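Please read the structure below before turning to the comments.
Just so it is clear, the model here is predicted, and its values are computed rather than measured.
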Amino acid sequence: MIVMNNSDLAALHRGALQRQARQRVDLLDELRAVHNASSRGMNQRQIAEILVTSQAKVHRMLKAIERRPSVLTSQEPEEIILRAFAYDTSRPELLATLKSMTFTDGEDAPYPEEGRIPGTWDQVVSAFAQGLLDEAEFNEVRAAIGR
């Protein structure tokens with residue numbers, strides 16, 4: 001039987017979080033690649049062949065881009081935090097970037113929709129809740145932007 005101490009378990013947990021962050025970053029990069037190929041006039045089958053995936057996946061990704069086109073144009077706080085966590089970017093560099101951003105608040109979905117549309121600040125709160133930012137980092141960003 002293998003006995004692990006708390007630091008071993010913490011390292012396993014961090015490794016799992018980093019793998020998940022890399023998967024999410026890879027998905028964003030893949031969405032951008034699909035959009036790039038599509039904007040060149042390629043059909044779904046051609047895109048799938050170029051990106052070594054299935055036509056069905058390309059179709060789903062194009063639909064996802066339709067629903068959330070902002071993912072293509074700018075790096076939102078979620079992506080910046082994910083990339084920094086996944087690839088061990090300098091934490092001071094990450095915090096400086098976050099502190100220089102302008103954040104939006106969530107809002108109620110317009111009628112007849114129900115629910116809430118999250119803002120960019122919600123992405124930072126979510127990253128903190130997921131353990132991608134520690135409490136000191138979260139509080140530093142929050143204080144710098146006056147929240």
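- A donor-acceptor contact shorter than 3.5 Å is absent between the side chain of Arg147 and the backbone of Arg142.
- A 6.0 Å sphere centred on CD of Glu49 holds no more than 12 heavy atoms belonging to other residues, nucleotides or ligands.
- Annotation: side chain of Leu94 is in contact with side chain of Ile80 (closest heavy-atom distance under 4.5 Å).
- Here the side chains of Gln55 and Val58 are not in contact, with every heavy-atom distance at 4.5 Å or above.
- Taken together through direct or relayed side-chain contacts under 4.5 Å among Ile, Leu, Val, Met, Phe, Trp and Tyr, Leu95 and Leu132 form part of one hydrophobic cluster.
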Please determine whether side-chain contact (heavy atoms from CB on, under 4.5 Å) holds for the pair Arg116 and Asp122, giving the CA-CA distance in whole Å, both sets of side-chain angles, and the decisive distance to 0.1 Å.
CA-CA 11 Å; Arg116 186 170 183 277; Asp122 295 312; 3.0 Å; yes
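- Between Glu93 and Arg83 there is no salt bridge, since no side-chain N of the basic residue sits under 4.0 Å from a carboxylate O of the acidic one.
- Residues Ile47 and Ala37 come closest through the heavy atom pair CG1-CB, 3.7 Å.
- Taking the charged nitrogens against the carboxylate oxygens, Arg68 and Glu76 do have a contact shorter than 4.0 Å, which makes a salt bridge.
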CA sep, side-chain torsions, deciding dist, call: Phe138, Trp121, ring-ring contact (aromatic ring centres under 6.0 Å, His included)
CA-CA 11 Å; Phe138 176 76; Trp121 179 248; 5.6 Å; yes
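- Between Leu31 atom CG and His35 atom NE2 the span is 10.5 Å, to the nearest 0.5 Å.
- Asn36 and Arg32 are not linked by any side-chain donor-acceptor pair at a separation below 3.5 angstrom, with hydrogens and angles left out of the test.
- Side-chain contact check for Ile81 versus Leu98: some heavy-atom pair is nearer than 4.5 Å.
- With contacts defined as side-chain heavy-atom distances shorter than 4.5 Å, the pair Leu17/Gln20 qualifies.
- A pairwise comparison of heavy atoms in Gln46 and Gly41 identifies OE1-O, 4.4 Å as the closest pair.
- The distance from the CD1 atom of Ile65 to the OG atom of Ser38 is 7.5 Å, given to the nearest 0.5 Å.
- For the pair Arg14 (side chain) and Ala10 (backbone), a donor-acceptor distance under 3.5 Å is absent.
- Nearest heavy atom pair, residue Gly131 against residue Phe85, reads O-CE1, 3.9 Å.
- Residue Leu72 is grouped with residue Met42 when hydrophobic side chains (ILVMFWY) are merged at heavy-atom distances under 4.5 angstrom, including chains of intermediate members.
- Atom CD of Gln23 sits about 12.0 Å away from atom CD of Glu30, to the nearest 0.5 Å.
- Between Asp29 and Arg24, no side-chain nitrogen of the basic residue sits less than 4.0 Å from a carboxylate oxygen of the acidic one, so the salt-bridge criterion is not met.
- Contact of the Leu51 side chain with the Met61 side chain is not registered, since no non-hydrogen atoms from C-beta on lie closer than 4.5 Å.
- Put simply, the side chain of Phe103 reaches to within 4.5 Å of the side chain of Ile145, judged on heavy atoms.
- Of the options Thr120, Thr97, Leu133, a side chain to side chain contact (heavy atoms under 4.5 Å, CB included) to Pro77 is made by Thr120 and by none of the others.
- Taking the side chain as every heavy atom from C-beta outward, Gln18 and Tyr87 never approach each other to under 4.5 Å.
- Using a 4.0 Å cut-off between charged nitrogen and carboxylate oxygen, Arg91 and Glu137 count as a salt-bridge pair.
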